[in-house]
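Since the structure comes first, as structure tokens, the remarks are kept for the end.
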Amino acid sequence: MEPEIHRSSTRHRVMAGLLLAILGAAAFLALEVLTRRLDAANALTLTSTRQAAEQTRAVGELFFAIVTTFAVVYALYLLILGVRILRARRYPTPDAWVLRDTPVVRGAAAKRRAWLAFGVAALILIFAFEFPRRGGEKMEKLLATALASED
């Protein structure tokens, strides 16, 4: 018996390419904003270390907000995907967009994929909220050191 195949479509490949381009442009724009803000903070170091530290703190907070947002959105996608796999009892789900013809997995193997999606989503969520906290602590120590050396 031949395995069941979930067929891909050119339309879905084009849509996936457009989505990837949009996400890439958003990431590039975010990087550009962060770079310009850091350049502004760097220019401030010539006049006021305290203002430069505040500007750097603001850039760090923006960076952590961007990373957290992207991570949470991706984790939510994985949670939704896991639920849909469990409900459909197959992977890929019947209405999934695939980039190439994909063999359908059913039963226990599909359930394992759903739980894998849940596990990866949980790890991403832990990272999404722990990274800014720990990074913020490190940033505060660095800024405190820089400000202490000014005094």
Side-chain angles (χ1 to χ4, degrees), residues 1-42 44 51-147:
M1 181 176 168
E2 258 186 61
E4 182 182 355
I5 301 292
H6 189 87
R7 300 281 174 210
S8 64
S9 82
T10 304
R11 181 174 149 259
H12 290 155
R13 281 192 288 265
V14 169
M15 294 293 285
L18 287 172
L19 181 61
L20 189 60
I22 290 168
L23 288 174
F28 178 77
L29 181 63
L31 185 60
E32 186 64 26
V33 167
L34 288 171
T35 303
R36 288 176 189 239
R37 301 262 323 254
L38 277 176
D39 288 344
N42 191 29
L44 281 174
Q51 283 180 328
E54 288 303 317
Q55 184 75 14
T56 303
R57 181 178 289 113
V59 172
E61 289 170 357
L62 179 62
F63 170 74
F64 293 134
I66 291 169
V67 170
T68 300
T69 300
F70 276 101
V72 168
V73 167
Y74 187 59
L76 288 175
Y77 164 76
L78 288 174
L79 290 171
I80 291 167
L81 177 64
V83 168
R84 293 177 73 216
I85 292 169
L86 287 177
R87 284 186 181 158
R89 296 187 178 128
R90 64 170 263 177
Y91 178 81
T93 57
D95 56 346
W97 292 8
V98 294
L99 300 180
R100 61 183 175 88
D101 292 352
T102 305
V104 174
V105 177
R106 294 184 179 276
K111 195 181 237 185
R112 280 192 302 272
R113 282 174 174 76
W115 284 103
L116 177 63
F118 293 145
V120 171
L123 289 174
I124 289 171
L125 286 172
I126 290 168
F127 166 80
F129 294 106
E130 195 61 22
F131 175 67
R133 187 183 70 78
R134 291 190 184 211
E137 289 172 359
K138 298 275 189 216
M139 186 175 62
E140 289 301 323
K141 285 180 185 176
L142 284 171
L143 293 175
T145 304
L147 290 173

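Since the structure is predicted, the reported quantities are computational estimates derived from the model, not experimental observations. Residue indices begin at 1 and follow the sequence shown.
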Rounded distance (nearest 0.5 Å) linking atom [atom1] of [X] with atom [atom2] of [Y]:
X     : Y      : atom1 : atom2 : value
Thr93 : Arg87  : OG1   : CZ    : 12.0 Å
Arg37 : Leu34  : CZ    : CG    : 8.0 Å
Thr10 : Met15  : OG1   : CE    : 13.5 Å
Arg57 : Leu142 : CZ    : CG    : 11.0 Å
Phe64 : Arg133 : CZ    : CZ    : 11.5 Å

> Is a salt bridge present between Glu137 and Arg134, judged by a nitrogen-to-oxygen distance below 4.0 Å?
Replying inline: no
>> Taking side chain to side chain contact (heavy atoms under 4.5 Å, CB included) as the criterion, tell me which of Leu81, Ile80, Val73, Leu79 meets it with Tyr77.
In response: Leu81
> Can you name the one residue among Ile85, Leu86, Val104 that meets side chain to side chain contact (heavy atoms under 4.5 Å, CB included) with Tyr91?
Replying inline: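 It is Ile85, the one option of Ile85, Leu86, Val104 that forms the side chain to side chain contact (heavy atoms under 4.5 Å, CB included) with Tyr91.
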>> If you apply the rule side chain to side chain contact (heavy atoms under 4.5 Å, CB included), what do you find for Asp95 with Arg84, and how did you get there?
In response: CA-CA 10 Å; Asp95 56 346; Arg84 293 177 73 216; 2.5 Å; yes
Mind listing the closest non-hydrogen atom pair of [X] and [Y] along with its distance?
X      : Y      : value
Ala75  : Ala121 : O-CB, 3.5 Å
Ala110 : Arg90  : CB-CA, 3.8 Å
Arg13  : Ser8   : NH1-OG, 2.9 Å
Ala114 : Gly82  : CB-O, 3.5 Å
Thr56  : Met139 : O-SD, 4.0 Å

> Passes side chain to side chain contact (heavy atoms under 4.5 Å, CB included), Leu78 versus Ile124? Steps please.
Replying inline: CA-CA 10 Å; Leu78 288 174; Ile124 289 171; 3.8 Å; yes
>> Would you call the rings of Trp115 and Phe118 parallel, tilted or perpendicular, taking 30° and 60° as the class edges?
In response: perpendicular
>> For Phe63 and Phe131, take the angle between the two ring planes, folded into 0 to 90°, and tell me which bin it lands in: parallel under 30, tilted 30 to 60, perpendicular over 60.
In response: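 It falls in the perpendicular class, over 60°.
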> Quick one: side chain to side chain donor-acceptor pair (under 3.5 Å) partners of Glu61, sequence neighbours excluded?
Replying inline: none
>> Working note: Leu38 + Arg36, criterion side chain to side chain contact (heavy atoms under 4.5 Å, CB included); need CA distance, chi angles, decisive distance, verdict.
In response: CA-CA 5 Å; Leu38 277 176; Arg36 288 176 189 239; over 6 Å; no
> So, does Ser9 use its side chain to make a donor-acceptor pair with the main chain of Arg7 at under 3.5 Å?
Replying inline: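 No; zero donor-acceptor contacts below 3.5 Å.
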> Can you check whether Ala96's main-chain N or O pairs, donor with acceptor, with His6's side chain at less than 3.5 Å?
Replying inline: yes
> Stepwise, does the side chain to side chain contact (heavy atoms under 4.5 Å, CB included) test hold for Val105 with Arg113?
Replying inline: CA-CA 9 Å; Val105 177; Arg113 282 174 174 76; 3.4 Å; yes
